[in-house]
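Sequence lines set the chain letters: A, B, ... in the order given, protein chains first and strands last, and positions in each chain run from 1. Source: prediction; values computed, not measured.
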Amino acid sequence: MRAVELIGAAVYDSDGVPVGAVRDLFFEAVGGQVPDSGRPAYRLRALECGAVGLAHRLGYGHRSITGPWPLTVLMQRLVQNSLIVGWEQIAALGTGRVDLAVRRDQLRWAQQEEL
Amino acid sequence: MDAGKRFSADEMLLDRQIFDADDQPLGKVDDLELTLPDGGGPPVLTAILCGPTALGPRIGGRIGQWWAAVGRRLRPSDEPYPNRIPLDQVGKVDSTRLTLTVSRDVLDADRMRDWTRDHIIGRIPGA
Amino acid sequence: MLCALLVSAAAAGGCAGPTVTDGGYRAKTAGMLGDISSSLATAQLAVGLDLKGRMALALTDESVSQAESDASSSESSWETRQPPSDAMLALHDRISGPAQDAVSALRKLRIAVRRGDPDAIRTALDGLDEPAAVIDRLSRAVSG
Amino acid sequence: MKRVFALALGVMTAIGGFVDVGNLVTSGITGARFGMSLTWAIVVGTIAMTLYGEMAGRVAAVARRPVFHIIRERLGVRTALVNLLAFVLLSLLTLAAELGGVALVLELVTGINYLVWVPLIAAAVWLIVWRMSFSVMENLFGVLGLCLVVFVVALFVLPTDWGSLWHGVTHPWVPPREGHPMYLFYAVSLLGACLVPYQVVFFSSGGREEHWTPKNLTEMRFNCVVGFPLGGLLSIAIMAAAAVVLQPLQINVKHLGQVALPVARALGPVGLSIALVGFAAALLAAAAECALSIGYSVGQFFGWSWGKDRRPREAPRFHLVCLVAVIAATAFILTSIDPIAVTVVSVVLGAAAVPLTYFPVLVVANDRDYMGGRVNRRWSNALATVFLVLMVVTSIAAIPLIFFTKAGQ
């Protein structure tokens, strides 16, 4: 599987309601190694889904960007509207499509998530 | 690879410059390879992918296909799978750079550079 | 692609499109007169400086030939336009002669400068005064 | 003493690097047509260039990132690719204008048609890219470009009415025969001539070529804060010389030779020759910088090895891109399209493309992960935001203005 197959894929919840598109992949150093993974092995922990990609790309999601003022407010508002999908919440992976096993309102908001 | 306990692809990996053990540039992190472990559970990051065959699909559209095709021509035996640098050859990663633990000459990962050097630039006097 | 398109559009801009109204034709005429008077002034300035020994290299030669070719191309592109009404035809007939006179005065000056004969240059330079005054008067009449 | 010399040299190269064919042509045209009433556009453009140049230089020194690394990292592959294509096309147009400009200067010197010179100049530009060391290139042409100071000297020799020039600066007005669209078109062209995207790419990549570290920050800032405004002042001097000599004669500038006439009038053959040397040096340097910037941007986007401090064998694709760029621009100018018209269109399109290059620089200059404690101060952010809004407005207006005014004719 390649990251390009996940990033940009449309995400739908268990009722078929659109959740947004995959914007970022979160990894965590846990669990055993597999060939080539090196030590520690990084596992895909969660996907970040949002409507607008630009704010994420610019780095207003997790990085410590201090300005310029009107942009910080605008971009942080855009980023706040994104949701975190844990790997265990995914029901099926298709081409350009991710179907969830849970409803949209069961997902966590990105701003509650610490990286 | 050493990238701390947690990180995100966007923040540390994708589109970052790769430097080899001698501090020479070796392309960008154009894509990531994830492998589903046999025992089940979430996918594991196993390699970074670079070069035209990795970048093409990310660009998408005709330009992406064309760029990937250029890359395929330069791969041994038209191999469509991109150059992969296994994660155990990646050293320190932080939000500013990604350094490999091997030299780029060992990897044979940049045939396009070699081809340009051998067929065009190397033939101009003074190169 | 876009750039090339825009450049060619811009380059063609000077001579594109039919002039349909009297106002449009008048504006084109004023523009042409402006080009000629700018060319005359450039040539006068350059040759005047040259006669005072203030020019160097090929600058006088180049300034005068560019002035002549600008004036002549502006005049001939104006001539290819159809005057939209009888009144504009009359305007055309009033201006066409003096404009051609100015262009030929510039041509004489260019030839004199090429030959490098100071007396001929002086005569040809003085020969610009008359057309310059006429063009100036016409220019004011057309735009006013 | 050595440090003072290095600082002075840096400032001189910044001045010489600031002025290119866009500044010469737009300042000459506007001085003759609008007097000093468009000076504000050069002032605004120069302040914006200084501000964003300093930011790009700081990012290059502290985060060690040249502009197109940042653009790809922060905008993602696709947006960055669009950005790259726009930048490369625009810089090719600028490169063509600079090549044509040098050829026109040689025509003024020799009387031989400029088209004959174009291939020779292209070869010279490529040789500079191929062989000349980065510092020799910057310093040699920077210092030769300073010959343009004759325009300032000329102003003092000419019977300049300083009061009326100053009045023109402080009371901008639109000449009745020009109209507002024409006035705005040339305002945009002056802004575009000061804020050329390739200059920021070149400045920051040059910083990497010279291996800047945070230790070089003071020197870099000094170059920006002193060098760029002096370059802007040179542009204003060219405008003023045209306003003093050409405007009263109602000369409409269409050739480089006309821009030099005020110097001939004030200083005679010696001054004129110095001015032409200044023209040729500034434009030749700009052509080389432009070709290099195309190579830098493509190399940085794809992560190739790039730069003049590597042997061509070590950075083959970078050199291939530079070579192809020079050939393409040469072919374009050999179609005998008017280089002056190409210049005017290129600076206005440049003004349209400016936010693409400058916006990512502003974001990263605020990112503590890249910049540590050296992020933008509040006042510089406030100023940069104001200029960014202005650049976006300009960028939206630029292309309609090209069509509406038929590129200023």
(message) Is it true that, when you exclude C:Glu79 itself, more than 12 heavy atoms of the residues, nucleotides or ligands shown sit nearer than 6.0 Å to its CD?
(response)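 Buried by this count: over 12 neighbours within 6.0 Å.
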
(request) Count the heavy atoms of every other residue, nucleotide or ligand shown that sit under 6.0 Å from CG of C:Asp93, and state whether that count exceeds 12. (result)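 Check passes, neighbour count above 12.
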
Pairwise distance [atom1]([X]) to [atom2]([Y]) - rounded to 0.5 angstrom:
| X | Y | atom1 | atom2 | answer |
| --- | --- | --- | --- | --- |
| D:Ile112 | C:Glu62 | CD1 | CD | 10.0 Å |
| D:Leu249 | C:Thr42 | CG | OG1 | 8.0 Å |
| C:Ser69 | D:Lys254 | OG | NZ | 9.5 Å |
| C:Gln66 | D:Glu107 | CD | CD | 6.0 Å |

Portion of [X] that has a non-hydrogen atom of chain C nearer than 4.5 angstrom:
| X | answer |
| --- | --- |
| D:Asn252 | both |
| D:Leu276 | side chain |
| D:Leu267 | backbone |
| D:Val344 | neither |

(request) Report the C-alpha distance between D:Leu272 and C:Leu57 in whole Å, list the side-chain angles of each, state the deciding distance to 0.1 Å, and finish with yes or no for side chain to side chain contact (heavy atoms under 4.5 Å, CB included). (result) CA-CA 9 Å; D:Leu272 179 62; C:Leu57 309 163; 5.8 Å; no

(request) Heavy atoms only: give me the nearest C:Leu45-D:Ile251 pair and the separation to one decimal. (result)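 Taking C:Leu45 first and D:Ile251 second, the nearest heavy atoms are CD2-CD1, 4.2 Å.
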
(request) Indicate the atoms forming the closest heavy-atom contact of C:Ala58 with D:Thr110, along with that distance. (result)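 The answer is CB-C, 3.9 Å.
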
(request) Using non-hydrogen atoms and a 4.5 Å limit, figure out which bit of C:Asp70 sits close to chain D: side chain, backbone, both or neither. (result)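 The side chain, not the backbone.
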
(request) Identify the residues of residues 114-122 of chain C whose heavy atoms come closer than 4.5 Å to a heavy atom of chain D, ordered by number, or report 'none'. (result) none

(request) Report, by ascending residue number, the residues of residues 102-113 of chain C in heavy-atom contact with chain D at a distance under 4.5 Å; give 'none' if the set is empty. (result)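 Not one residue of residues 102-113 of chain C has a heavy atom under 4.5 Å from chain D.
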
(request) May I ask you to decide if D:Pro269's main-chain N or O and C:Arg54's side chain share a donor-acceptor pair within less than 3.5 Å? (result)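 No, because the side chain of C:Arg54 does not come within donor-acceptor range (under 3.5 Å) of the backbone of D:Pro269.
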
(message) Tell me which one of C:Asp61, C:Thr60, C:Leu59 satisfies side chain to side chain contact (heavy atoms under 4.5 Å, CB included) with D:Leu108.
(response)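 The single option meeting the side chain to side chain contact (heavy atoms under 4.5 Å, CB included) with D:Leu108 is C:Leu59.
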
(request) Could you have a look at D:Gly111, D:Ala96, D:Ser273, D:Ala260 and say which one has the most heavy-atom pairs with chain C under 4.5 angstrom? (result)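 It is D:Gly111.
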
(message) Tell me which of these, C:Ala46, C:Ala56, C:Ser38, has more heavy-atom pairs under 4.5 Å with chain D than the rest.
(response) C:Ser38

